J.: 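Got a structure for you, written out below as structure tokens; questions coming shortly.
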Amino acid sequence: MCYNLARKRTDMDKKQKLTLMIAGIIEAAIIVFAFVVSILVITTYHSPEQYSDYLALNLEENGPMIGWLQNNPTPFFLMIVMPILVILALDIVYLVYFALKRESKLSDKERDAIAAKAKEEARLEVLKELEEENNKD
């Protein structure tokens with residue numbers, strides 16, 4: 001039985017590791033995409049100080065996606081910057097949760113031995129109390 005319990009625990013650990021790996025790969029893909037798009041938006045931007053028709057120029061020279069993001073800062077923030085901030089916040093929360101979660105350093109055998117010893121001490125204490133009550137009567 002103890003073997004099955006340990007086996008289930010390792011299976012769960014494998015599933016958790018796989019889930020974390022998949023989440024990490026997805027996070028990395030989102031971050032790389034967001035950084036690449038951000039760099040393209042920043043480096044190819046035509047400012048209104050230099051060009052009178054900068055909105056059309058951004059769309060013409062940089063394509064519909066990058067040009068549109070250059071001309072519309074709110075969607076750029078919501079689609080590119082906000083996911084990075086959310087991922088950062090989730091990673092910080094998970095890191096704090098993981099750091100505060102402390103696993104016991106005791107093995108299953110040691111925990112079982114401690115539980116058995118506690119049961120024996122409780123049984124002896126109850127027997128002692130019963131004996132004292134019988135002696136009083």
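Numbering starts at 1 and runs along the sequence shown. This is a predicted model, so every value here is computed, not measured. Note that these values count all heavy atoms, side chains included, but never hydrogens, waters or copies made by symmetry.
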J.: Any idea which heavy atoms bring A34 and I84 closest together, and the distance?
T.: CB-CD1, 3.3 Å
J.: Let's go through V37 and M79 carefully: what are the C-alpha distance in whole Å and the side-chain angles of both, what is the deciding distance for side chain to side chain contact (heavy atoms under 4.5 Å, CB included) to 0.1 Å, and is it a yes or a no?
T.: CA-CA 10 Å; V37 170; M79 292 176 8; over 6 Å; no
J.: Is L40 reachable from F76 through a run of I, L, V, M, F, W or Y residues, each pair having side-chain heavy atoms under 4.5 Å apart?
T.: yes
J.: Applying side chain to side chain contact (heavy atoms under 4.5 Å, CB included), run through L88 and I92 and close with a yes or a no.
T.: CA-CA 6 Å; L88 177 66; I92 289 172; 4.0 Å; yes
J.: How would you list, by chain and number, every residue that makes a side chain to side chain donor-acceptor pair (under 3.5 Å) with E60, sequence neighbours excluded?
T.: none
J.: Hey, what do you get for CG (L69) to CD1 (I42), rounding to the nearest 0.5 Å?
T.: 11.5 Å
J.: Side chain to side chain contact (heavy atoms under 4.5 Å, CB included) between F35 and I80: does it pass, once the steps are laid out?
T.: CA-CA 8 Å; F35 279 140; I80 303 299; over 6 Å; no
J.: Among pairs that include at least one residue of residues 70-90, which meet side chain to side chain donor-acceptor pair (under 3.5 Å), considering only residues two or more places apart or in two chains?
T.: T44-Q70, N58-N71, N62-Q70
J.: Is there a path of hydrophobic side-chain contacts, each under 4.5 Å between heavy atoms of I, L, V, M, F, W or Y residues, that connects L78 with V41?
T.: yes
J.: Using the side chain to side chain donor-acceptor pair (under 3.5 Å) rule, collect all pairs that involve residues 115-129, keeping only residues at least two apart or in two chains.
T.: E120-R123
J.: If Ile, Leu, Val, Met, Phe, Trp and Tyr residues are connected whenever their side-chain heavy atoms lie under 4.5 Å apart, and connections chain through other members, are L55 and F77 in the same group?
T.: no
J.: Atom CZ of R111 and atom CD1 of I114: how far apart are they, to the nearest 0.5 Å?
T.: 9.0 Å
J.: Look at the side-chain heavy atoms of Ile, Leu, Val, Met, Phe, Trp and Tyr, link any pair under 4.5 Å apart, and say whether L100 and L95 land in one connected group.
T.: no
J.: Using the rule that two of Ile, Leu, Val, Met, Phe, Trp, Tyr join whenever any of their side-chain heavy atoms come within less than 4.5 Å, decide whether I87 and L20 are in one cluster.
T.: no
J.: Roughly how far, to the nearest 0.5 Å, is the OG1 atom of T43 from the CD1 atom of I66?
T.: 8.5 Å
J.: If the plane angle is over 60° it's perpendicular, under 30° parallel, otherwise tilted; pick one for Y94 and Y97.
T.: tilted
J.: Rounded at 0.5 Å granularity, tell me how far CD in E27 sits from CG in D91.
T.: 4.0 Å
